[in-house]
Peer 1: 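Let me begin by handing over the structure; questions about it come next.
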Amino acid sequence: MEPCRDTNCSGEELVLFHYGDLDEESRSRVEAHLSGCPACQAELAEIGRMLSLFPRNEIELSTVEIQRFAARVSSRAPRRRRRAWPALGGALAAAAVLAVALLTLQPGGEVAPQVIAHTKVSRVADAEVVRNLDLLQNLDLLENLETLQALEGHG
Amino acid sequence: MGQSGAAVIDGAKRSGYSQSMDGRTEKILLERARGGDGVGFEELVRAHTAKAISLAYRLVGHRDEAEDIAQEAFLRLYRSLPNFRGESTVATWLYRTVSHLAIDHLRREQLRRKIFFLRRNTGDDEMDVDPMEVVPDPGGSPRDLFLAKEAGRRLSRALDKLSPRQRAVFVLRHQEELPLKEIAKVLGLEEGTVKVHLHRAVSMLRKELKDLNEVT
C-alpha cells in the first residue's frame, strides 16, 4: 500500500490519536482524514497491534514480601532523634547535674555524704530499670535515664 | 482505538495502584516519621511498596534492580522528610524519584553494555556474549519465567533499544497510563518533548518488532 503523503496527518499524530492524546480540533481533523485514507487506517491498526504486544508487567507482591521489604528499608534508614521535649529535657538535665555538682562538692574536692546517699537511691532505681528493661529498650529516653533520675532525686 | 480515562497519579483512579492511604493518614504518618518514629516511616513504606517496585520494574525490566531502585527512592524520601511539606503527595514524589533513578540506571546500563561490546569487538575480552543475555534473572517468579520466553525476550530487547528517556515516556504512557501532562511533570520535560519521545519510542518499537507484528 502506498504510504500517505498528506501533511495533515503525521506519524506522531497517529500515535497520539491511538492514545487519545490529541486536542479536540486535531482529533476531528485526523478522524476526517482517516475515513478516506486506507494507508493511515492500516498504519493506525499496525500501531495498535504492535502496542498490544506489550504486557503491563505487573509485579504481584505478597503481604509478606511487602512487609519484608518495608522492614529492610526501615532498618537501613538512619534513625532520627525525637525532637522537641527530649532535647529540652537533656538540656535541663545537664543544667541540673551541673547545679547539683556545684552545691555538693566540698572545697577540698571530697564528695559530700548526700551524693553517696543519692548513689544508693540510683542503685535501687537501676533495679527497677532492669525489671522494666523490655519496656524501656525502645525509648530514646533511655540514654538520658541517669540524668533524669538525678533530676528526680533532687526534686 | 484511543485509550480514554488515563489515570492520574493523585486522582481517584490510579493505574495499577489502589489508593492505599488517605491524605489525612499519610500526613499523620509523615509527621510521625519526621519526628523520628521508625514505625510510622515503615507504615508509609508499606503503603507505597507495591506501586514503587512495580513502576521500577516496568522501567528497568528486572525484579532485583527494581527493588534496589525502590529502596533507594524510599531512603531518599526518608532523608527528605524534614523538607517534605506536602506540596506533593508521597505517591507523586515517589513516581518522580523512581522514574529519575530508573532513567539513571538505564543510562549506566547502556554505557556498560557499550563498553562491554567495544571491548569484545577490539578483542580485549575473551568472552563472546553479553553476560546480561545469558545470566538468568534470579527473580524466578512465574511472570519472570514467562518473560524469559522468546516473545518476552524480543519485547525486552526492543525496549532496550530505546533511549532511557524514550523508555520512561513509553512506560509511563503505555503501561502506567499517565496523561502526557503528568509525564511531563514527573520527568521535568515540556509536554511537546514528551510527545516527541513517545512518537520516537513507538516508531523504534515498530521497527524492532516488525516481523513479530506481521506474524500476529
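To find a chain, count down the sequence lines: A is the first, B the second, and so on, and within it residues start at 1.
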Peer 1: Ignoring hydrogens, what is the shortest heavy-atom contact between Ser54(B) and Ile59(A)? Give both atom names and the distance.
Peer 2: OG-N, 3.9 Å
Peer 1: Please rank Thr63(A), Leu22(A), Ile66(A) by heavy-atom pairs under 4.5 Å with chain B and give me the top one.
Peer 2: Ile66(A)
Peer 1: Below 4.5 Å from any heavy atom of chain B, which atoms of Leu16(A) appear? Answer side chain, backbone, both or neither.
Peer 2: side chain
Peer 1: Quiz question: by atom type and distance under 3.5 Å, do the side chains of Arg72(A) and Gln71(B) form a donor-acceptor pair?
Peer 2: yes
Peer 1: Only pairs of heavy atoms separated by less than 4.5 Å count here; which of Gly48(A), Gly11(A), Ser75(A) has the most with chain B?
Peer 2: Gly11(A)
Peer 1: Can we say Glu65(A) and Arg63(B) salt-bridge, meaning some charged N sits less than 4.0 Å from an Asp/Glu carboxylate O?
Peer 2: yes
Peer 1: With sequence neighbours left out, write down each residue that passes side chain to side chain contact (heavy atoms under 4.5 Å, CB included) with Ser163(B), or none if nothing qualifies.
Peer 2: Arg165(B), Gln166(B)
Peer 1: Under a 4.5 Å heavy-atom cutoff, which of Leu55(B), Leu180(B), Val39(B) has the most pairs with chain A?
Peer 2: Leu180(B)
Peer 1: Please classify the contact between Leu61(A) and chain B as side chain, backbone, both or neither, with a heavy-atom cut-off of under 4.5 Å.
Peer 2: side chain
Peer 1: Determine the minimum heavy-atom distance between Tyr19(A) and Arg173(B), stating which atoms define it.
Peer 2: O-NH2, 2.9 Å
Peer 1: Can you list every side-chain hydrogen bond (donor to acceptor under 3.5 Å, both in side chains) pair that touches residues 97-106 of chain B, not counting sequence neighbours?
Peer 2: Glu65(B)-His105(B)
Peer 1: Please name the pair of heavy atoms, one in Val73(A) and one in Leu75(B), separated by the smallest distance, quoted to 0.1 Å.
Peer 2: O-CD2, 3.7 Å
Peer 1: Do you know which two heavy atoms are closest between Leu53(A) and Leu155(B), and how far apart they sit?
Peer 2: O-CD1, 3.2 Å
Peer 1: Using every non-hydrogen atom in the two residues, find where Ala70(A) and Arg46(B) come nearest and quote the distance to one decimal.
Peer 2: CB-CG, 3.6 Å
Peer 1: May I ask you to decide whether Glu43(A) forms a salt bridge with Arg206(B), counting only side-chain N to carboxylate O separations under 4.0 Å?
Peer 2: yes
Peer 1: Rounded to the nearest 0.5 Å, what separation is found between the OG atom of Ser10(A) and the NE2 atom of His199(B)?
Peer 2: 6.5 Å
Peer 1: Do Val171(B) and Phe54(A) make a side-chain contact, defined as non-hydrogen atoms from C-beta onward lying under 4.5 Å apart?
Peer 2: no
Peer 1: Between His174(B) (side chain only) and Leu51(A) (backbone N and O only), is there a donor and an acceptor less than 3.5 Å apart?
Peer 2: yes
Peer 1: So how far is it from Leu14(A) CG to Ser203(B) OG, rounded to the nearest 0.5 Å?
Peer 2: 10.0 Å
Peer 1: Heavy-atom cut-off 4.5 Å, strictly under: side chain, backbone, both or neither for Glu43(B) against chain A?
Peer 2: neither
Peer 1: To the nearest 0.5 Å, tell me how far Thr49(B) OG1 sits from Arg68(A) CZ.
Peer 2: 13.0 Å
Peer 1: Can you say whether Val196(B) sits under 4.5 Å from chain A via the side chain, the backbone, both, or neither, judging by heavy atoms?
Peer 2: both
Peer 1: Nearest 0.5 Å, what's the NE2-CG distance between His18(A) and Leu198(B)?
Peer 2: 9.0 Å
Peer 1: Of the non-hydrogen atoms in Ser74(A) and Gly38(B), which two are nearest, and what is the gap between them?
Peer 2: OG-O, 3.7 Å
